[in-house]
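One structure is given below, encoded as structure tokens.
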Amino acid sequence: MGKPRTPAGRAKEIATRLEVLYPKAECELTHSNAYELLAATILSAQCTDVRVNMVTPALFAKYPTPLALAEANPTELETIIRSTGFYQNKAKNLIGMGRNVVDRFASVIPHEMEDLVTLPGVGRKTANVLRSVVFDLPGLAVDTHVGRLSRRLGLTTEEDPVKVERVLNGFIDPPEWGRFGLRLILHGRRVCDAKKPKCGICELEDICPATLMPSKSKEK
DNA sequence: ATCCCGAGGG
DNA sequence: CCCTCTGGAT
């Protein structure tokens, strides 16, 4: 087949290749239920998954339920999550999330986007992670990796994550949204990283506008 | 000095 | 729209 020349065509080809490269497309935040993934994802703001996974064992042991989080001592909670950064905001949000889930949702993590984003510390990206990973609902979480790769790969020029999400949603079938996002993240971490993308070993190099252009591997 | 699975507030 | 919140890795 010829090289895809439209963003929609490239998206299809990219999805096909990423499926081969990252067949499992698993979420790398350690969790065993919806509550744990919600807490872990709140902690993942501007922080690596590896770092989040270092603090969640102690977090889940001390606060195993939304109710336990709702009743947490802020200072003790901050101590546990400190290394993930933004720890005062995150502690406040985690406690607020616990209280809201207990009071407004009978201690059950909600599925609906409109409900999820009312929880403290939960924005659209976090809501989409939950929907796609634990509820098996369509959801494309646009984080820093998904945004960066989408622009480098010529799928969009948008900077606003909500607009990027809308564009990608138009290229990929809803049941594949979650895995497509996960695969972009995996590729973003292993190959197409922000600072020094490894274009020489990239399996998308031949269809990537960023490397096809003479201006080499620059973003934008 | 820049980046990491962002979100809330002004 | 902008700014702020934070530590750790590179």
Side-chain angles (χ1 to χ4, degrees), chain A residues 18 22 24-31 34 36-56 58-59 69 74-75 77-101 113-135 137-153 155 158-165 168-169 172 177-198 217-220:
Chain A
L18 291 181
Y22 313 102
K24 305 218 113 185
E26 285 171 337
C27 173
E28 298 199 342
L29 289 169
T30 304
H31 67 282
E36 291 189 358
L37 182 60
L38 181 51
T41 311
I42 289 174
L43 290 179
S44 74
Q46 294 297 294
C47 179
T48 61
D49 281 12
V50 174
R51 175 64 49 185
V52 173
N53 290 337
M54 289 185 202
V55 311
T56 44
L59 180 72
L69 249 194
T75 307
L77 178 54
E78 285 174 13
T79 301
I80 293 176
I81 67 172
R82 190 178 61 87
S83 68
T84 66
F86 300 154
Y87 59 90
Q88 294 186 85
N89 285 339
K90 289 176 180 176
K92 243 176 261 176
N93 289 150
L94 285 172
I95 293 171
M97 178 274 276
R99 287 184 181 155
N100 274 268
V101 169
M113 173 65 68
E114 49 185 303
D115 290 330
L116 283 165
V117 296
T118 67
L119 300 173
V122 180
R124 198 173 172 85
K125 175 242 154 182
T126 300
N128 273 324
V129 169
L130 240 76
R131 284 172 59 79
S132 59
V133 175
V134 297
F135 300 138
L137 294 167
L140 209 169
V142 178
D143 68 341
T144 179
H145 297 294
V146 175
R148 182 182 68 251
L149 266 69
S150 295
R151 288 184 288 275
R152 282 183 179 163
L153 290 165
L155 302 183
E158 299 288 355
E159 298 279 347
D160 177 3
V162 178
K163 293 180 182 171
V164 174
E165 182 187 340
L168 297 183
N169 283 349
I172 306 294
W177 286 352
R179 280 181 288 272
F180 183 64
L182 248 355
R183 287 174 180 133
L184 284 177
I185 290 170
L186 293 172
H187 196 64
R189 290 209 285 241
R190 289 158 178 54
V191 180
C192 192
D193 61 286
K195 289 183 176 176
K196 288 173 44 179
K198 303 170 182 65
S217 59
K218 282 298 275 191
E219 184 158 7
K220 224 180 184 170

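We name chains A, B, ... by the order of the sequence lines, and we start the count at 1 in each one. Only heavy atoms go into these numbers, but all of them, side chains included; no hydrogens, no water, no symmetry mates.
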What contact category does A:Leu29 fall into here, base, sugar-phosphate, or nothing, at under 4.0 angstrom with non-hydrogen atoms? nothing

Apply side chain to side chain contact (heavy atoms under 4.5 Å, CB included) to residues A:Thr56 and A:Glu36 and explain how you reach the verdict. CA-CA 8 Å; A:Thr56 44; A:Glu36 291 189 358; over 6 Å; no

Given atom CG of A:Leu130 and atom P of B:dA7, what is their separation to the nearest angstrom? 12 Å

Tell me, yes or no, whether the heavy-atom count around A:Arg189 atom CZ, taken from other residues, nucleotides or ligands under 6.0 Å, exceeds 12. yes

May I have the distance from A:Leu43 (atom CG) to B:dA7 (atom P), rounded to whole angstrom? 12 Å

Please give the distance between the C1' atoms of C:dC5 and B:dC3 as a whole number of Å. 16 Å

Atom CD1 of A:Ile42 and atom P of B:dA7 are separated, to the nearest Å, by 9 Å

Ignoring hydrogens, what is the shortest heavy-atom contact between A:Leu168 and A:Ser150? Give both atom names and the distance. CD1-OG, 3.4 Å

Expressed in whole Å, how much space separates the P atoms belonging to C:dT6 and B:dG9? 14 Å

Considering every strand and a 4.0 Å limit on heavy-atom distances, what is the contact class for A:Ile81: base, sugar-phosphate, or nothing? nothing

Using a 3.5 Å distance criterion without hydrogens, assess whether the side chain of A:Lys90 forms a donor-acceptor pair with backbone atoms of A:Ile81. no

So, A:Asn93 side chain and A:Pro120 main chain: donor-acceptor pair closer than 3.5 Å or not? no

Which whole-number value in Å describes the distance from A:Lys92 NZ to B:dG9 C1'? 11 Å

Side-chain contact test, heavy atoms from C-beta onward, threshold under 4.5 Å: evaluate it for A:Leu38 versus A:Leu119 and give yes or no. yes

C1' spacing across the pair C:dC1 / B:dC4, given as an integer number of angstrom: 24 Å

A:Gly188 and A:His145 have their tightest heavy-atom pair at C-ND1, 4.1 Å

Whole angstrom value for the distance that separates P of B:dG6 from CG of A:Leu119: 18 Å

Please give, in whole Å, the distance from B:dG8 C1' to A:Arg124 CZ? 17 Å

Using the closest heavy atom to pick a nucleotide of DNA chain B for each, name whichever of A:Val122 or A:Cys27 lands nearer the 5' end. A:Cys27

Can you check whether A:Arg189 has a side-chain N or O nearer than 4.0 Å to OP1 or OP2 of B:dC5? yes

Minimal non-hydrogen separation, A:Phe86 against A:Ala45, with atom names: CD1-O, 4.2 Å

When we call it a touch if two heavy atoms are under 4.0 Å apart, what does A:Thr41 touch: a base, just sugar-phosphate, or nothing? nothing

Mind checking the P distance from B:dA7 to C:dG8? Whole angstroms is fine. 22 Å

Just to be sure I understand the rule, does A:Pro120 reach a base, reach only the sugar-phosphate, or reach nothing, if contact means heavy atoms closer than 4.0 Å? sugar-phosphate

Can you tell me if A:Arg148 touches the phosphate of B:dC4, counting only side-chain N or O atoms and a distance under 4.0 Å to OP1 or OP2? yes

Does the protein touch nucleotides 5-10 of chain C at the base, only the backbone, or not at all? Give it as B, S and - per nucleotide, heavy atoms under 4.0 Å. BBBSSB

Report the distance from atom CG of A:Leu149 to atom P of B:dC5, rounded to the nearest whole Å. 12 Å

Between P of B:dC5 and CD of A:Glu165, the distance in whole Å: 18 Å

